[in-house]
Amino acid sequence: MNPTLPAAPGPIGVFDSGYGGLTILGKMREALPQYDYIYLGDNARTPYGTRSFEVVYQFTLQAVTKLFAMGCHLVILACNTASAKALRSIQINDLPHLDPSRRVLGVIRPTAECIGPLTRTRHIGVLATAGTIKSGSYPMEIHKLYPDITVHGEACPLWVPLVENNELMSLGTDYFVRQHVNRLLEQDARIDTVILGCTHYPLLLPKIEQYMPKRITIVTQGELVAASLEDYLRRHPEMDAACTRGGQCLYCTTEAVEKFTESASVFLKQAIDVRHISLE
Ligand code: DGL
């Protein structure tokens with residue numbers, strides 16, 4: 001990348017450790033169908049949720065560097081774990097060297113922003129990976145905006161592997177969904193709003209709804225992140241001009257193309273163009 005030459009416009013990059021980011025990409029394409037996108041799933045190294053800060057940071061940096069090299073000026077980390085553990089370091093330490101005109105955005109801030117008006121009891125819960133919960137990013141971001149809200153977290157380490165292995169409807173999934181929903185709610189009977197703080201979890205929504213009491217509002221991130229992206233592009237015309245408009249989407253995976261195509265098409269319900277890439 002030569003920062004002295006203005007780079008040509010390119011697609012919007014969307015990154016996740018696996019298939020979860022497809023739930024975000026889908027809502028982005030519904031809200032902003034005019035843009036081109038590149039989806040990158042690091043399926044060969046998923047899940048990230050149980051990995052250390054340093055490893056998630058290195059893997060995410062590799063993915064961002066790759067998406068920049070593929071022409072993206074704007075990359076969305078459609079992964080809470082990467083947003084929690086890598087986003088700030090990349091924004092502060094790496095972007096200035098990689099290319100100060102490019103941007104990397106995450107999914108935790110836009111989710112935190114919407115919480116204030118949703119909760120009446122001011123007691124909320126977050127279901128997420130162990131990495132996201134341990135990072136404390138949700139309470140931190142929420143308290144910056146709404147210091148009066150009490151935030152409880154519950155790590156659900158098996159939910160991502162269940163989704164990645166397409167076990168959405170199995171009985172084992174019922175067991176683990178019920179277990180973590182109950183553990184979260186046992187922490188505080190006043191919880192009235194629960195954030196699904198992992199982009200894989202909307203794929204488990206039918207099961208989560210089955211075990212979550214009806215009085216609780218479940219927050220999924222897709223629409224929120226799509227609306228936040230729309231707002232960002234409106235406020236940053238220079239970035240908007242750096243995003244190509246052709247309505248195309250290229251899917252890239254670090255796993256075998258056939259494996260990604262088979263699993264992703266279950267979630268996307270359409271034929272897709274998939275390419276294998278290597279990040280190491
Ligand atoms: N979709 C990622 C997230 O939002 C899953 C992380 C993982 O790979 O464990 O956190």
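All of these numbers come straight from a predicted model, not from anything done at the bench.
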Are any side-chain N or O atoms of Thr254 and backbone N or O atoms of Ala44, one a donor and one an acceptor, separated by less than 3.5 Å?
yes
Approximate separation, where rounding is to 0.5 Å, of Met70 CE and Ile38 CD1:
4.0 Å
Distance col, row Leu196:CG vs Tyr201:OH, nearest 0.5 angstrom, shows 9.0 Å
Just so I know, are the side chains of Arg51 and Lys85 near enough to count as touching, which here means a heavy-atom distance under 4.5 Å?
no
Check whether Gln187 reaches the backbone of Gly153 with its side chain - one donor and one acceptor, N or O, closer than 3.5 Å.
yes
Would you call the rings of Tyr232 and His236 parallel, tilted or perpendicular if under 30° counts as parallel and over 60° as perpendicular?
parallel
Within the structure provided, determine whether Leu185 and Tyr211 are in side-chain contact (heavy-atom separation under 4.5 Å).
no
Passes side chain to side chain contact (heavy atoms under 4.5 Å, CB included), Tyr138 versus Thr111? Steps please.
CA-CA 9 Å; Tyr138 268 100; Thr111 311; 4.0 Å; yes
Measure the acute angle between the ring planes of Tyr251 and Tyr39, then classify it against the limits of 30° and 60° as parallel, tilted or perpendicular.
tilted
Is there a donor-acceptor contact under 3.5 Å from the side chain of Asp188 to the main chain of Arg190?
yes
Quick one: list whatever passes ring pair (Phe, Tyr, Trp, His ring centres under 6.0 Å) with His143, sequence neighbours left out.
none
In short, Met212 meets Leu127 closest at the heavy-atom pair CE-CD1, 4.2 Å
If only atom types and distance count, is the side chain of Arg29 paired as donor or acceptor with the main-chain N or O of Gly247 below 3.5 Å?
yes
Is it the case that the side chain of Asp36 and the backbone of Gln248 share a donor-acceptor pair, with hydrogens and angles ignored and the cut-off at 3.5 Å?
yes
According to the salt bridge (charged side-chain N to carboxylate O under 4.0 Å, His left out) rule, which pairs have a member within residues 112-140, sequence neighbours left out?
Arg109-Glu113, Arg122-Asp148
Side-chain heavy-atom pair Ile208, Trp159 within 4.5 angstrom cut-off
yes
If every non-hydrogen atom of Leu87 is compared with every non-hydrogen atom of Ser83, which pair is closest and at what distance?
CB-O, 3.3 Å
Rounded to the nearest 0.5 Å, what separates atom CD in Glu141 from atom OG in Ser135?
9.5 Å
Using the test side chain to side chain donor-acceptor pair (under 3.5 Å), find all partners of Thr60 that sit at least two apart in sequence or belong to another chain.
none
Side-chain donor-acceptor distances from residues 271-278 under 3.5 Å, at least two apart:
| residue | atom | partner | partner atom | Å |
| --- | --- | --- | --- | --- |
| His276 | ND1 | Glu255 | O | 2.9 |

Answer whether the closest heavy-atom distance between the side chains of Gln221 and Asn80 falls below 4.5 Å.
yes
So, Arg183 and Glu186, do they make that salt bridge, N to O below 4.0 Å?
no
N/O donor-acceptor pair under 3.5 Å between Arg103 side chain and Met239 backbone:
no
Between Leu279 and Leu40, is any pair of side-chain heavy atoms under 4.5 Å apart?
yes
Check side chain to side chain donor-acceptor pair (under 3.5 Å) between Arg235 and all other residues, then give those that pass, not counting sequence neighbours.
Asp231
Test item: Leu224 and Val219 side chains (from C-beta on) under 4.5 Å apart, heavy atoms:
yes
Assess the residue pair Gln58 and Glu54 against the criterion (side-chain hydrogen bond (donor to acceptor under 3.5 Å, both in side chains)); give the C-alpha distance rounded to whole Å, side-chain angles, the decisive distance to 0.1 Å, and a yes or no.
CA-CA 6 Å; Gln58 287 303 340; Glu54 186 53 33; 3.0 Å; yes
Value for CG (Leu162) from OG (Ser170), rounded to nearest 0.5 Å, stands at 6.0 Å
Can a salt bridge be assigned to the pair Lys207 and Asp174 using a cut-off of 4.0 Å between side-chain N and carboxylate O?
yes
Presence of salt bridge, Asp240 and Arg245, under 4.0 angstrom
yes
Any side-chain heavy atom of Met28 sitting closer than 4.5 Å to one from Leu229?
yes
Flag side-chain contact, heavy atom, 4.5 Å: Tyr146 against Pro117:
yes
I need the Cys249 SG to Tyr35 OH distance, nearest 0.5 Å.
15.0 Å
Locate the shortest heavy-atom distance separating Leu203 from Pro206; write the atom from each residue and the value.
O-CD, 4.1 Å
Between Ile124 and Leu118, does a side chain to side chain contact (heavy atoms under 4.5 Å, CB included) hold up when you go through it step by step?
CA-CA 10 Å; Ile124 73 146; Leu118 286 180; over 6 Å; no
Would you be so kind as to tabulate the donor-acceptor pairs closer than 3.5 Å made by side chains of residues 8-27, with sequence neighbours excluded?
| residue | atom | partner | partner atom | Å |
| --- | --- | --- | --- | --- |
| Asp16 | OD2 | Gly18 | N | 3.1 |
| Asp16 | OD2 | Gly20 | N | 2.9 |
| Asp16 | OD2 | Gly21 | N | 3.0 |
| Ser17 | OG | Thr46 | OG1 | 3.4 |
| Tyr19 | OH | Ser263 | OG | 3.3 |
| Thr23 | OG1 | Gly20 | O | 2.8 |
| Thr23 | OG1 | Thr199 | O | 2.8 |
| Lys27 | NZ | Glu223 | OE2 | 3.4 |

